[in-house]
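Below is a structure I'd like to ask you about.
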Amino acid sequence: METKQSLTITDNRTGKQYDLPIENETIKAKDLLQIKVKPDDFGIMTYDPAYMATASCKSTITFIDGDRGILQYRGYPIEQLAEKCSYLEVAYLLMTGELPNKTQLDEWTASVTTHTFVHENVKKLMDGFHHDAHPMGMFVSTLAALSTFYPTAKRIHDPAERRLTFYRLIGKVPTIAAFAYRHSVGMPYVHPDNELSYAGNFLSMMYKIAEPKYKPNPVLERALDVLFILHADHEQNCSTSAMRSVGSSHVDPYSAAAAAAAALYGPLHGGANEAVLRMLDEIGTLDKIPAFIKEVKEGKGRLMGFGHRVYKNYDPRASIIKRLADQVFEVTGRNPKLDIALELERIALQDDYFVKRKLYPNVDFYSGLIYQAMKFPVDMFPVLFAIGRMSGWLSQWEEMLLDGDQKISRPRQVFLGHGKREVPMLSQRA
Ligand code: CMC
């Protein structure tokens with residue numbers, strides 16, 4: 001017998017029954033609006049702060065099975081992409097839906113690479129920041145400023161214009177990120193070296209000093225590229241939702257990307273790996289771990305780098321990063337904080353508090369240790385995340401734009417405030 005794909009709801013206020021179709025394991029929230037007591041009622045809404053159980057879009061980009069610890073981009077497991085592909089291949093995959101062949105990859109790489117330079121006035125703009133400005137603040141502002149350099153990006157319905165914006169944004173984010181760093185340490189900006197790989201060029205712009213040509217260490221170059229892959233997309237997270245929501249007003253993609261980057265700046269999102277290192281520093285020595293865990297369990301703080309809205313199992317990106325850390329530490333020497341991190345993980349994975357709440361290491365638990373070993377200052381961590389995530393933001397933004405179901409984002413509210421009141425004169429107010 002064929003199962004009926006619908007949900008029957010009885011409104012006990014009226015005794016009426018409603019049959020709502022189920023598609024893709026979801027009902028349409030708008031179908032609930034027909035459930036009313038009086039004809040002029042608005043209808044039943046769902047209350048779902050933070051979108052805990054509400055799908056805001058249909059997507060074909062990234063699949064996550066949080067209970068089983070699975071992450072796939074366009075159907076390909078993250079483990080295989082991290083092993084067999086470069087970041088630029090993955091960015092192409094996210095944007096087009098398919099992995100590039102050799103010719104497509106060459107063209108794509110050339111197009112991104114020819115857009116790595118920024119206008120001289122972008123440099124002047126960045127010079128205007130205070131010497132100790134947080135690089136993520138500089139990054140967010142410079143992304144927004146780019147919209148003024150490329151006003152034709154407003155033509156968001158022109159596929160060629162969108163493509164150009166993809167080249168520009170993916171090409172320029174490493175440059176802006178490196179310039180933000182160089183500004184903060186008072187070093188001259190290093191121009192992009194278009195003979196190097198995406199990650200290699202970024203390392204060159206970060207660390208080149210007087211040598212005529214910077215030669216990135218191949219292990220570190222590959223590790224960074226893999227980290228960009230692991231951060232490239234993660235379905236409807238906070239920053240991607242910001243990209244889609246702001247983009248739904250049809251603002252240009254530079255402004256929407258600035259909003260997404262701003263969302264990523266927060267400690268509960270892209271700032272978490274920075275918070276992990278600060279936490280490891282605070283703990284300091286192995287013997288302090290039990291007291292720290294006790295405080296977390298008493299609600300006096302969180303074990304940063306643990307827990308995830310979607311993963312209720314080991315974050316697959318964390319496993320890859322843990323392995324990557326060994327390769328990086330062979331080159332850079334072992335980060336002494338690793339011992340504290342490993343012990344924290346060991347204790348937390350056995351502790352009832354964390355087990356019961358399904359709190360496992362997430363992508364940020366070990367990434368900070370690698371970044372630090374590669375000499376990235378802690379302030380740069382969210383910026384590194386943003387470089388990798390740009391391809392995901394842009395793919396999700398374009399998917400939103402081409403989705404006929406989408407409109408300007410505009411959530412509803414449950415109003416619990418005052419009824420109508422008369423405004424008293426200032427002298428009459430208590
Ligand atoms: N340490 C201690 N307790 C935690 C933690 C943690 N890291 N995360 C969640 N909990 C507890 C929380 O107190 C709550 O307990 P109770 O049910 O007793 O009130 C329960 O677990 C559920 O937590 P929640 O806050 O309702 O879960 P959420 O889905 O809203 O939060 C999270 C997800 C990632 C914001 C949260 O786990 C957290 O704050 N983790 C630390 C920050 C972090 O590592 N963020 C990086 C996320 S991964 C990178 C990214 O995608 O941006």
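The basis for the numbers below is simple: all heavy atoms, side chains too, and nothing from hydrogens, waters or symmetry mates. Count residues from 1 along the sequence. Each ligand, and each atom within it, is numbered from 1 in the order the structure gives.
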Over 60° means perpendicular and under 30° means parallel, so tell me whether Phe306 and Phe365 are parallel, tilted or perpendicular.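 If you compare the ring of Phe306 with that of Phe365, the planes turn out perpendicular.
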
Please determine which of Asn201, Asn194, Asp193 meets the side chain to side chain donor-acceptor pair (under 3.5 Å) test together with Thr116. Asn194

Between Tyr254 and Tyr150, ring centroids under 6.0 Å: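 They qualify: ring centres under 6.0 Å apart.
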
So is His234 polar-close to ligand 1, meaning N/O to N/O under 3.5 Å? no

Checking contacts here: is it the side chain or the backbone of Leu268 that comes within 4.0 Å of ligand 1, counting heavy atoms only? Could be both or neither.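 Contact part for Leu268 vs ligand 1: both backbone and side chain.
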
Hey, is atom 22 (C) of ligand 1 under 4.0 Å from any protein heavy atom? no

Closest to atom 48 (S) of ligand 1 among protein heavy atoms sits His308 CD2, 3.4 Å

What are the atoms of ligand 1, with element, lying closer than 4.0 Å to any heavy atom of Gly305? 43 (C), 44 (O)

Closest protein heavy atom to atom 47 (C) of ligand 1, given as residue, atom name and distance to 0.1 Å: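 Residue, atom and distance for the closest contact: Asn362 ND2, 3.7 Å.
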
Relative to atom 38 (C) of ligand 1, which among Lys356, His269, Lys300, Arg302 owns the nearest non-hydrogen atom? Arg302

Find all atoms of ligand 1 within a distance of less than 4.0 Å from any non-hydrogen atom belonging to Ala272, and give their numbers and elements.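 Every atom of ligand 1 under 4.0 Å from some heavy atom of Ala272: 43 (C), 44 (O), 45 (N), 46 (C).
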
Going by distance only, is there an N or O of Phe306 that falls short of 3.5 Å from an N or O of ligand 1?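 Looking only at distances, the answer is yes, because the N/O contact criterion of under 3.5 Å is met.
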
Atom 34 (C) of ligand 1 - nearest protein heavy atom and its distance: Gly307 O, 3.6 Å

Within a distance of under 4.0 Å, is there any protein heavy atom near atom 40 (N) of ligand 1?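 Yes; the ligand atom in question has protein heavy-atom contact below 4.0 Å.
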
If we set the cut-off at 4.0 Å for heavy atoms, which region of Arg357 has an atom near ligand 1: side chain, backbone, both, or neither?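 Near ligand 1, Arg357 shows its side chain, while the N, CA, C and O stay back.
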
Per-atom contact, atom 10 (N) of ligand 1, protein heavy atoms, under 4.0 angstrom: yes

Does ligand 1 have a heavy atom under 4.0 Å from the side chain of Tyr353, from its backbone, from both, or from neither? side chain

Short version for Leu359: what comes under 4.0 Å of ligand 1, heavy atoms counted, is side chain

Subset of ligand 1 atoms that lie under 4.0 Å from at least one heavy atom of Leu303: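 Under 4.0 Å from Leu303, ligand 1 has these atoms: 1 (N), 2 (C), 6 (C), 7 (N).
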
Residue, atom and distance of the protein heavy atom nearest atom 42 (C) of ligand 1 read Met304 CE, 3.4 Å

From Phe354 atom CZ to Lys297 atom NZ, the distance as rounded to the nearest 0.5 Å: 7.0 Å

Side chain or backbone, does Arg317 bring an N or O within less than 3.5 Å of an N or O on ligand 1? no

Going by heavy atoms in the side chains, are Arg317 and Ile320 under 4.5 Å from each other?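 No, side chains not in contact.
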
In terms of ring plane angle, is the pair His119 and Phe149 parallel, tilted or perpendicular, where the classes change at 30° and 60°? tilted

I need the atoms of ligand 1 closer than 4.0 Å to a non-hydrogen atom of Arg309, numbered in the order shown. 28 (P), 29 (O), 30 (O), 33 (C)

Taking C-beta and beyond as the side chain, do Glu345 and Tyr366 meet within less than 4.5 Å on heavy atoms? yes

Any protein heavy atom sitting closer than 4.0 Å to atom 51 (O) of ligand 1?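 Protein heavy atoms within 4.0 Å of atom 51 (O) of ligand 1 - there is at least one.
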
Flag this pair as yes if the NZ/CZ of Arg357 is under 6.0 angstrom from the six-membered ring centre of Tyr353 and inside a 45 degree cone about the axis; otherwise no. yes

Indicate yes or no: at least one non-hydrogen side-chain atom of Pro21 is less than 4.5 angstrom from one of Ile27.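 Side chain of Pro21 against side chain of Ile27, heavy atoms only: no contact under 4.5 Å found.
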
Would you find more than 12 non-hydrogen atoms of other residues, nucleotides or ligands less than 6.0 Å from Glu298 atom CD? yes

What atoms of ligand 1 come within less than 4.0 Å of a heavy atom belonging to Asp364?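 Answer for ligand 1: 46 (C), 48 (S), 49 (C).
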
Taking all non-hydrogen atoms of both residues, which atom of Met126 and which atom of Met138 are closest, and how far apart?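 Minimum heavy-atom contact is O-CE, 3.7 Å.
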
Look at the aromatic rings of Tyr167 and His115 and report parallel, tilted or perpendicular, splitting at 30° and 60°.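 Tyr167 and His115: parallel rings.
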
Starting from atom 2 (C) of ligand 1, locate the nearest protein heavy atom and write down its residue, its atom name and how far away it is, to 0.1 Å.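 Of the protein heavy atoms, Val296 CG1, 3.5 Å lies nearest.
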
Crowded around Gln350 CD? As in, over 12 foreign heavy atoms under 6.0 Å?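 Correct, the count exceeds 12.
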
